[in-house]
Amino acid sequence: MKYLSEFRNPEAAQNLALKIKEVTKRNWTIMEVCGGQTHSILKYNIDELLPDKIRLIHGPGCPVCVTSLEMIDKAIEIASQPDVIFTSFGDMLRVPGSKLDLLSVKANGGDVRMVYSPLDAVKIAQSNPDKKVVFFAVGFETTAPANGMSVLRAKELGLKNYSILCSHVLVPPAIEALMSGFNSSINGFLAAGHVCTVMGYEEYLPLAEKYKIPIVVTGFEPIDILQGILKCVTLLEEGKNIVENQYSRVVRKEGNLAAKEVIKKVFEITDRKWRGIGLIPKSGLKLKDEFSDFDAEKIFDIKNLQVDEPEVCIAGEVLQGLKLPIECPAFGKECTPENPLGAPMVSSEGACAAYFHYKKVKIN
């Protein structure tokens with residue numbers, strides 16, 4: 001297949017659904033890691049094509065959703081300073097901190113700008129030498145290479161007014177944390193295709209072996225996802241705990257070596273707190289000491305903030321696949337995309353937003 005319409009062909013989707021039904025003999029719970037996959041599943045009603053024995057749950061694969069509340073508050077504190085131009089991808093601007101969001105800072109006079117690339121932020125720094133320009137570097141392994149490149153470019157240009165607020169997270173430690181939890185019911189994973197495009201899937205091999213689970217690298221179109229589910233169910237029924245690659249038109253086992261080299265050059269592994277989940281050891285990236293001149297946390301000397309999530313919001317349980325968004329008492333009532341209590345409702349990749357937009361849910 002090479003055309004988008006072929007990856008959304010209804011007849012092909014129905015045929016794959018029939019094959020999944022044929023191979024499914026037992027009950028299985030499969031987690032799709034990526035929020036982009038969650039949105040495709042709900043947008044195209046893929047969950048309704050599956051037999052009752054297959055239960056899909058949604059994982060912590062939304063970079064906006066898992067950025068910790070403390071890090072959002074740090075961004076707001078930096079952006080509120082008068083000599084700062086704070087830059088970010090657009091989807092972070094409306095994510096609620098403990099009191100405000102970045103759009104509120106902008107409304108109150110802060111210089112908060114949306115950019116489409118961290119290199120745009122570098123250009124802003126070049127054009128505004130009297131300002132401190134900060135880029136909010138969030139995301140999984142997918143965005144880390146470009147953010148690392150921005151630091152290398154700023155260093156090459158000799159910029160003294162550019163820095164990043166680094167909050168990168170990594171997928172394999174999150175899978176490890178989910179599987180090591182005492183209440184995990186996950187039998188298999190659909191791994192995020194774009195993360196594996198960068199990193200490959202060699203890191204998943206020991207996870208599949210250790211936790212006796214199949215992991216299938218999967219794309220994002222309906223046919224991709226149905227093929228990924230079919231591969232995963234087939235492996236489960238055959239008792240095979242291995243990694244397979246459905247997204248072979250994009251993903252290589254070793255990943256993108258040039259992108260991985262940038263990550264290795266600029267960042268190092270660190271513990272990272274995930275919003276709604278807590279601290280996951282060795283699950284994040286931070287700038288190496290040799291790039292500390294570009295580390296916004298050090299430049300602005302921000303103290304560690306201690307804040308709590310709204311008690312009514314169950315975003316953490318949603319992100320761990322323990323509950324569905326519609327099981328949240330605030331879903332569609334106190335919490336909507338216009339007035340989100342948690343990041344999964346405001347993010348374009350959030351599970352709560354997917355249910356709100358695509359699922360017909362009766363709100364009591």
Side-chain angles (χ1 to χ4, degrees), residues 1-2 4 6-61 141 171-172 174-176 178-179 184-255 321:
M1 293 186 290
K2 58 182 180 180
L4 188 59
E6 298 176 28
F7 289 98
R8 299 178 180 178
N9 183 284
E11 185 177 350
Q14 289 290 350
N15 288 336
L16 282 166
L18 285 174
K19 289 180 181 176
I20 292 170
K21 188 175 181 179
E22 287 172 6
V23 301
T24 304
K25 307 300 181 188
R26 288 171 281 175
N27 293 321
W28 302 113
T29 297
I30 300 171
M31 172 179 277
E32 83 276 0
V33 174
C34 176
Q37 293 170 337
T38 303
H39 274 250
S40 286
I41 287 167
L42 294 168
K43 181 178 181 180
Y44 296 104
N45 295 318
I46 290 173
D47 54 331
E48 296 180 13
L49 293 175
L50 303 177
D52 293 339
K53 291 179 182 293
I54 302 297
R55 185 168 74 103
L56 297 181
I57 56 175
H58 320 303
E141 295 93 330
V171 171
I175 290 179
E176 177 111 35
L178 291 172
M179 291 308 299
S184 174
S185 61
I186 304 166
N187 301 120
F189 283 93
L190 305 183
H194 47 17
V195 169
C196 296
T197 301
V198 174
M199 301 303 292
Y201 55 88
E202 293 171 320
E203 295 175 299
Y204 296 100
L205 302 178
L207 287 172
E209 172 65 25
K210 180 177 180 180
Y211 293 103
K212 309 302 179 189
I213 50 169
I215 300 175
V216 179
V217 180
T218 305
F220 303 90
E221 293 298 330
I223 299 301
D224 286 326
I225 293 171
L226 284 164
Q227 287 179 344
I229 293 170
L230 177 59
K231 282 179 179 289
C232 193
V233 174
T234 301
L235 292 172
L236 284 165
E237 292 288 350
E238 294 176 349
K240 294 180 179 177
N241 305 309
I242 60 176
V243 180
E244 285 204 353
N245 181 17
Q246 180 278 331
Y247 209 31
S248 58
R249 68 182 185 278
V250 178
V251 172
R252 294 179 296 176
K253 184 178 181 180
E254 69 277 14

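Listed for the N9 side chain is a donor-acceptor partner under 3.5 Å among the backbone atoms of A12. Within the 3.5 Å criterion, the main-chain N or O of T218 finds a donor-acceptor partner in the side chain of Q37. Put simply, the side chain of E244 never gets that close to the backbone of C232: no donor and acceptor are under 3.5 Å apart.
Between P222 and I46, the closest heavy-atom pair is CA-CD1, 3.8 Å. Closest approach of S40 to I225, counting heavy atoms only: CB-CD1, 3.5 Å. Of all heavy-atom pairs between P51 and I20, the closest is CD-CG2, 4.0 Å.
Going from atom CG of D224 over to atom CZ of F7 covers 5.5 Å, rounded to the nearest 0.5 Å. Interatomic distance, T24 OG1 to I54 CD1, rounded to the nearest 0.5 Å: 4.0 Å. Distance check: K212 NZ to L207 CG gives 12.5 Å after rounding to the nearest 0.5 Å. If you take CG on L236 and CD1 on I229, they are separated by 11.5 Å, rounding to the nearest 0.5 Å. Atoms CD1 and CD1, on I30 and I186 in that order, are 11.0 Å from each other to the nearest 0.5 Å. Once rounded to the nearest 0.5 Å, the distance linking NZ of K210 with CG of N241 reads 14.5 Å.
With 3.5 Å as the limit, one finds a donor-acceptor pair spanning the side chains of T38 and E32. If you check the side chains of Y44 and E221, you find no donor sitting under 3.5 Å from an acceptor.
Ring geometry for Y247 against F220 counts as perpendicular: the plane angle is over 60°, on a 0 to 90° scale with 30° as the lower cut.
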Exercise for review: Starting from the C-alpha separation in whole Å, work towards a yes-or-no answer on side-chain contact (heavy atoms from CB on, under 4.5 Å) for L49 and Q14.
Suggested key: CA-CA 8 Å; L49 293 175; Q14 289 290 350; 3.8 Å; yes
Practice item. Evaluate the criterion side-chain contact (heavy atoms from CB on, under 4.5 Å) for residue pair I223 and E6; output intermediate values, then yes/no. Key: CA-CA 8 Å; I223 299 301; E6 298 176 28; over 6 Å; no
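Inter-residue side-chain proximity for E202 and K253 is flagged as met; some heavy-atom pair is nearer than 4.5 Å. Residues E141 and P172 meet the side-chain proximity criterion, which asks for heavy atoms closer than 4.5 Å. Counting heavy atoms from C-beta on, the side chains of V33 and V195 never come closer than 4.5 Å.
Salt-bridge check for E237 with K240: failed, with every basic side-chain N at 4.0 Å or more from each acidic carboxylate O.
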